[in-house]
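What follows is a single structure, written as structure tokens, with notes after it.
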Amino acid sequence: MKKRVIILMLLILGIMVVGCNKAELGGISQEYKDAMSKGKSNVIEEEYDKAIDYFKLALESKKDDTEAKNLIEQLSLLVEAKDSEEHGAYFLQIEKIDKINDIKTETDVVKDKANEYKKIVLKNIDDSIDSFEEEINDGKYKSAQKDIEDNIEECKKVRVLRNS
């Protein structure tokens, strides 16, 4: 009888130890915490695709997690903004960054990166304006007109892409 009680106690203790290793207080698994931590580190390193993968892994561990979903959405917008840089789509980039800032998250890691990038975009806009002004001041009216028209055409292309 004593052996049965001891075996039963050891069995219960073993189950408790295994259960505690799988989940901590609040039911947050270590796998979820690790994935979120690695994802945030990848954002800081500007490895956005890897970060998205880690946040998706966190979602697998904790289904319907709003934080992971929102971080994925923010990163997707940031990647889109950066991808549209080659087109000179400054206003589209700012629009996407503003959307990032509207998404609620517990951490501002993506917002911080987006706002750093926004400063670069605003500087690019200023540089373009300065270039146009310089051409005009140098009497290069045809060149300035062509550059401005090219810039307007690029904005129109981006608007069409955005609406489709």
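- Contact annotation: the side chain of I125 approaches that of I94 to within less than 4.5 Å [non-hydrogen atoms, C-beta and beyond].
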Mind running side chain to side chain contact (heavy atoms under 4.5 Å, CB included) on L59 and F55 for me, showing each step along the way?
-> CA-CA 6 Å; L59 268 177; F55 293 136; over 6 Å; no
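- Between the CG atom in D126 and the OG atom in S131 there is a gap of 12.5 Å [rounded to 0.5 Å].
- Scanning all heavy atoms of the two residues, the minimum distance from K118 to D98 falls at NZ-OD1, 2.8 Å.
- Put simply, the side chain of N70 gets close to the backbone of K104: a donor and an acceptor are under 3.5 Å apart.
- The existence of a salt bridge linking K123 and D127 is confirmed by a sub-4.0 Å separation between a basic side-chain nitrogen and an acidic carboxylate oxygen.
- There is a path of hydrophobic side-chain contacts, each under 4.5 Å, that joins V109 to V79.
- Going from atom CG of D102 over to atom CD of E73 covers 10.5 Å, rounded to the nearest 0.5 Å.
- Of the possible polar contacts, one joining the E67 side chain to the E106 backbone as a donor-acceptor pair under 3.5 Å is found.
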Given L57 and E31, is the side chain to side chain contact (heavy atoms under 4.5 Å, CB included) satisfied, shown in steps?
-> CA-CA 8 Å; L57 183 63; E31 182 181 19; 4.1 Å; yes
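- Surrounding NZ of K50 are at most 12 heavy atoms belonging to other residues, nucleotides or ligands under 6.0 Å away.
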Intermediate values then yes/no, side chain to side chain contact (heavy atoms under 4.5 Å, CB included), D65 and K69 | CA-CA 6 Å; D65 181 59; K69 284 180 182 178; 5.9 Å; no
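- The CG atom of L75 sits 10.5 Å away from the NZ atom of K56 when rounded to the nearest 0.5 Å.
- Looking at E116 and K113, a side-chain N of the basic residue comes within less than 4.0 Å of a carboxylate O on the acidic one, giving a salt bridge.
- For the 3.5 Å distance criterion, the side chains of E133 and N137 fail to qualify, holding no donor opposite an acceptor.
- Heavy-atom minimum distance, I103 versus Q74: O-NE2, 3.3 Å.
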Going through the checks in order, is the side chain to side chain contact (heavy atoms under 4.5 Å, CB included) test met by N115 and I100?
-> CA-CA 9 Å; N115 289 322; I100 290 168; over 6 Å; no
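- A continuous path of hydrophobic side-chain contacts links I129 to L122 [ILVMFWY only; heavy atoms under 4.5 Å].
- A 6.0 Å sphere centred on NZ of K99 holds no more than 12 heavy atoms belonging to other residues, nucleotides or ligands.
- Two residues are said to be in side-chain contact when any heavy atoms from C-beta on lie closer than 4.5 Å; Y48 and V43 meet this criterion.
- Closest heavy-atom contact between S61 and S29: CB-OG, 3.8 Å.
- The hydrophobic clustering, which links ILVMFWY residues whose side-chain heavy atoms are closer than 4.5 Å, places Y141 and F132 apart.
- Atom CD1 of I28 and atom NZ of K62 lie 4.5 Å apart (nearest 0.5 Å).
- Using a 4.5 Å cut-off between side-chain heavy atoms of Ile, Leu, Val, Met, Phe, Trp and Tyr, with links allowed through other members, I44 and I72 fall into the same hydrophobic cluster.
- Side-chain contact between S128 and Y90 is present, with heavy atoms from C-beta onward closer than 4.5 Å.
- Closest non-hydrogen pair, A51 versus G39, comes out as CB-O, 3.3 Å.
- The two residues T105 and T107 make their nearest non-hydrogen contact at OG1-O, 2.6 Å.
- Note on M36 and L78: same hydrophobic cluster, where clusters join Ile, Leu, Val, Met, Phe, Trp and Tyr whose side-chain heavy atoms are under 4.5 Å apart, directly or indirectly.
- Closest approach of S84 and Q93 over heavy atoms only: OG-CG, 3.3 Å.
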